[in-house]
Amino acid sequence: MKYEQIMQLALERGFYFPSCEIYSDAPAGFWEYGPSGASLKNKFIELWRRELVRRDRMWEIDGSQVMSQLVFVASGHLSSFADPVITCQKCKSVFRADKLIAEISSIVIPESADLDQFDRTVSEKAIRCPKCRGNFENAKKFNMMFRVGIGPQDEPAYLRPETCQSIFVDFPRLYKTMRGRLPIGVAQIGKSFRNEISPRQSLLRLREFYQAEIEVFCNPNTLDEMERFSDVENTVLYMMIDDVIKPMTCREAYESKVVPNKLVAYYLGLLMEFYQKTGIDTGRSRFRKLGEKEKAFYASVAFDFEVETTTGWLELVACNYRSDYDLTSHGKVSKEKFEVLDDNVKVLPHVFELSMGIDRSLYTILEHSFREDKENDRVVLSLKPYLAPVHVGILSLVKKDGLAEKTEEIFSKMKTRYDAFLDHSGAIGRRYRRLDEVGAPFAVTVDHQTLQDDTVTIRMRDSMSQERIKIPDLDFYLSRSVSYP
RNA sequence: GCGGAGUUAGUCCAGCCCGGCACGACGUCAGCUUCCCAAGCUGAAGGCCGCGGGUUCAAAUCCCGCACUCCGCACCA
């Protein structure tokens, strides 16, 4: 039920809605953030920046979304990000060629094989459509990357399918100029593009989406010498082992070898502490270790950070130990040198990655914050105050007797320091409820007493309780209440 | 991409079988009233009935095609 309720709230209150919706040719898998959604997203990103980038002294970059073809030759996306598919001539069902052949004939053809190899096997083994027994058309490659043509010659380039390629490509310059030492995190927020076959469920499966990625460059020989580990050693992770979710501290996870090394344990701990501050119920989270078949082609060890929602367990972050896969292949294709000096020893860094889906995280925040308060007949988004799209509503109890003017005076003092919403019209209870629905944690109300003693009431979203404070104290009160933890 | 169900105002929806001014609720706006939790009264705005084509004197309604949304399958870094 909740997915539909969140969707309705998103449409009614300006969180998100379909892109290009007034046109009938609007493609699937593209959504816009309205004012409330954009504000929530910006605040979420700021929290991410504080809790990960600044806390761990990472470098944040902002790379371009269109990248050269050779980048994806090196990364492997041009060959491996494409699936070989075969289509039934009769019922038009589409299958993964390698998977169907393996299933029916037990012949294993690597997915990167030449297409005629699939066609030959299909005809030799007389493989037909499992649904309708029809014959197959020739195998085709379906690449999930969006190709773009550059300049008048239409030179091929691609919209990046993951933001991290910018980070790998930029690493030699960053390391030479920014004076860091291993291990060093490089972070980036930005858009990625994947031509999904069937985008679904609004923000959960998009063709254009936001990622917040962190690539930690590290010395593979010193993965257990992570001094900063003590910062998070007692942080509890919910590790999924043999289908059982087991809470354990970062230290326990490391010592029991559930997590392969200290560096990975440290970053999983940081990630956990970040998510605790988003208001997501981390008691319903798990780190799931991926099996050989599930892992991406570049990963040697991988954990998915998943959170339970009404749509099932949702992957919010992929944590991949990519070893030297990326730097080696970019080194080969570009001839750029990626080795760096670490303690006067030349080393090719390995990469551990935290690849976060922002849109999914925002959906999860909304769902976990959504509350139907039946007793008071209202819907409340109990967002963390620092993430709320509107920090404070500034209301006049009634418009007349100079209260409106006084309210506007307070509003104009607040509006550049907070996300404040001015509202005079309608019943006061209705205005409080509207603010509850966008998650505004506070409402300031100007009443007749305000004109006499310069005080206002401040109303709390979650408890609906009120207290009276002096107008000069308002700024201090709010700045303390809506500041990041 | 396959199968199923849908698409009507900001939101939820009736009408569709059986063709003839598009119903209602909530929400929004303005005014009155009340003055601290969705009260009431008066009024208003808001619809190419998803898009395109066909049948018909006449299409939200019947037929065809397409797009999008949701569910299942498949796919999924």
Side-chain angles (χ1 to χ4, degrees), chain A residues 3-5 7-14 17-31 34 75-77 80-81 83 85-88 90-96 99-100 103 129-132 134 140 142 144-145 161-165 192 194-202 204-207 209 211 213 290 294-299 302 304 311 315 317-320 322 353 355 357 373 375-379 395-401 403 425-437 443 445-449 456-461 464-466 468:
Chain A
Y3 175 82
E4 287 82 6
Q5 292 173 307
M7 193 67 234
Q8 186 174 339
L9 184 72
L11 292 171
E12 281 181 332
R13 295 284 172 224
F17 45 88
S19 176
C20 309
E21 60 179 338
I22 65 167
Y23 285 104
S24 59
D25 67 342
F30 299 90
W31 290 70
S75 73
H77 284 87
S80 302
F81 202 52
D83 293 333
V85 294
I86 44 177
T87 307
C88 171
K90 203 165 134 200
C91 73
K92 301 292 174 197
S93 291
V94 176
F95 299 88
R96 273 282 294 266
K99 295 205 170 170
L100 187 72
E103 206 177 290
C129 174
K131 279 192 185 162
C132 74
K140 281 183 290 202
F142 176 72
M144 303 240 297
M145 281 196 294
E162 52 180 12
T163 56
C164 60
Q165 292 305 325
S192 290
R194 294 179 190 173
N195 199 358
E196 296 281 356
I197 295 173
S198 56
R200 281 285 161 85
Q201 292 179 308
S202 59
L204 304 189
R205 186 98 165 264
L206 295 159
R207 287 185 166 135
F209 58 102
Q211 289 187 300
E213 290 196 299
L290 301 189
E294 267 186 301
K295 287 186 311 199
F297 60 83
Y298 47 68
D304 276 354
T311 66
E315 177 194 340
V317 188
C319 312
N320 297 307
R322 301 173 71 124
E353 153 186 272
S355 173
D373 180 358
E375 195 180 331
N376 296 297
D377 193 22
R378 62 179 190 149
V379 159
L395 318 177
S396 49
L397 187 60
V398 292
K399 260 186 272 193
K400 56 186 183 186
D401 304 334
L403 293 189
S425 66
I428 191 76
R430 178 184 301 281
R431 284 180 276 161
Y432 286 147
R433 272 159 183 74
R434 271 194 296 241
L435 289 166
D436 290 340
E437 287 190 13
T445 305
V446 170
D447 56 18
H448 289 97
Q449 193 182 330
V456 289
T457 63
I458 186 153
R459 179 242 191 207
M460 318 302 156
R461 173 195 65 201
M464 298 172 73
S465 62
Q466 282 177 312
R468 187 163 275 278

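Naming: A, B, ... by sequence-line order, numbering from 1 per chain. Hydrogens, waters and symmetry mates play no part in the numbers below; they use all other heavy atoms, side chains included. Because the structure is predicted, anything quoted here is derived from the model rather than measured.
- Applying the 3.5 Å distance criterion, the base of B/rA30 shares no donor-acceptor pair with the side chain of A/Ser425.
- Using a 4.5 Å heavy-atom threshold, the side chains of A/Glu437 and A/Leu9 count as touching.
- In this structure, A/Leu204 places its CG atom 18 Å from P of B/rC76, rounding to the nearest Å.
- In the interface, the side chain of A/Arg434 is not paired with the base of B/rA38 through any donor and acceptor atom under 3.5 Å apart.
- Shown here are the side-chain hydrogen bond (donor to acceptor under 3.5 Å, both in side chains) partners of A/Gln201, two or more places apart in sequence or in another chain: there are none.
- Taking atom C1' in both B/rC21 and B/rC64, the straight-line distance is 29 Å, to the nearest Å.
- For A/Ile22 and B/rC51, the CD1 to P distance is 12 Å, given to the nearest whole Å.
- With sequence neighbours excluded, the residues that form a ring-ring contact (aromatic ring centres under 6.0 Å, His included) with A/Tyr3 are A/Tyr363.
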Heteroatom pairs (N/O) under 3.5 angstrom, protein to nucleotides 39-47 of chain B:
unit_1, atom_1, unit_2, atom_2, d
B/rA39, OP1, A/Arg430, NH2, 3.0

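- Atom P of B/rA59 sits at a distance of 33 Å from the matching atom of B/rC26, rounded to the whole Å.
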Can you name the atoms? Protein N/O to nucleotides 7-11 of chain B N/O, anything below 3.5 Å, with the distance.
unit_1, atom_1, unit_2, atom_2, d
B/rU11, O4', A/Glu12, OE2, 3.4
B/rU11, O2', A/Gln8, NE2, 2.6
B/rU11, O2', A/Glu12, OE2, 3.1

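- With a 4.5 Å cut-off on side-chain heavy atoms, A/Glu162 and A/Ser355 do not count as touching.
- The side chain of A/Glu196 has B/rC76 as its nearest neighbour among B/rC36, B/rA77, B/rC76.
- Nearest to the side chain of A/Pro161, among B/rC75, B/rA77, B/rG72, sits B/rA77.
- Between the P atom of B/rA38 and the CG atom of A/Leu435 lies a distance of 14 Å, rounded to the nearest Å.
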**Report entry** Dot-bracket encoding per residue of RNA chain B, Watson-Crick/G-U cut-off under 3.5 Å, | denoting interstrand
**Finding:** (((((((..(((.......[...))).(((((.......))))).....(((((..]....))))))))))))....

Review item, nucleotides 62-68 of chain B N/O atoms under 3.5 Å of protein N/O:
unit_1, atom_1, unit_2, atom_2, d
B/rA67, O2', A/Ser24, O, 3.0
B/rC68, OP1, A/Ala28, N, 3.3

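- Partners of A/Asp401 by side chain to side chain contact (heavy atoms under 4.5 Å, CB included), not counting sequence neighbours, listed by chain and number: A/His448.
- Residues A/Arg431 and A/Arg434 form a side-chain contact, since some pair of their non-hydrogen atoms from C-beta on lies under 4.5 Å apart.
- When the P atom is used for both B/rG52 and B/rC76, the distance is 37 Å, rounded to whole Å.
- For B/rC36, the base has a donor-acceptor partner in the side chain of A/Gln466 [N/O atoms by modelled type, under 3.5 angstrom].
- The C1' atoms of B/rU61 and B/rU56 are separated by 13 Å, rounded to the nearest whole Å.
- Rounded to whole Å, the separation between the C1' atoms of B/rC41 and B/rA5 comes to 43 Å.
- Atom name C1', nucleotides B/rC17 and B/rC57: the rounded distance is 23 Å, in whole Å.
- Put simply, the side chain of A/Arg194 and the base of B/rC76 share no donor and acceptor less than 3.5 Å apart.
- A salt bridge links A/Asp436 with A/Arg459: at least one charged nitrogen is closer than 4.0 Å to a carboxylate oxygen.
- Nearer the 5' end of RNA chain B, as judged by each residue's closest nucleotide, is the contact made by A/Arg13, out of A/Tyr432 and A/Arg13.
- For B/rC36, the base has a donor-acceptor partner in the side chain of A/Thr457 [N/O atoms by modelled type, under 3.5 angstrom].
- Residues satisfying the salt bridge (Lys or Arg N to Asp or Glu O under 4.0 Å) criterion with A/Glu213, sequence neighbours excluded, are absent altogether.
- The side-chain hydrogen bond (donor to acceptor under 3.5 Å, both in side chains) search around A/Asp377 returns none, not counting sequence neighbours.
- A/Arg194 places a side-chain N or O within 3.5 Å of a backbone atom of A/Pro161 that can act as its donor or acceptor partner.
- A/Leu290 pairs by the side chain to side chain contact (heavy atoms under 4.5 Å, CB included) definition with A/Arg288, A/Glu294, A/Lys295, A/Ala302, A/Asp304, not counting sequence neighbours.
- Inter-residue side-chain proximity for A/Pro18 and A/Trp31 is flagged as met; some heavy-atom pair is nearer than 4.5 Å.
- For B/rG31, the OP1/OP2 oxygens have a side-chain nitrogen or oxygen of A/Lys399 closer than 4.0 Å.
- For A/Glu21, there are no salt bridge (Lys or Arg N to Asp or Glu O under 4.0 Å) partners two or more places apart in sequence or in a different chain.
- Applying the side-chain hydrogen bond (donor to acceptor under 3.5 Å, both in side chains) rule to A/Gln449 yields the partners A/Asp453, A/Arg468; only residues at least two apart in sequence or on another chain are considered.
- Contact annotation: side chain of A/Asp447 to base of B/rC36, donor-acceptor pair present below 3.5 Å.
- Taking 3.5 Å as the limit, the base of B/rC51 and the side chain of A/Tyr23 contain no donor-acceptor pair of atoms between them.
- Under 4.0 angstrom from either OP1 or OP2 of B/rA77 there lies no side-chain N or O belonging to A/Gln211.
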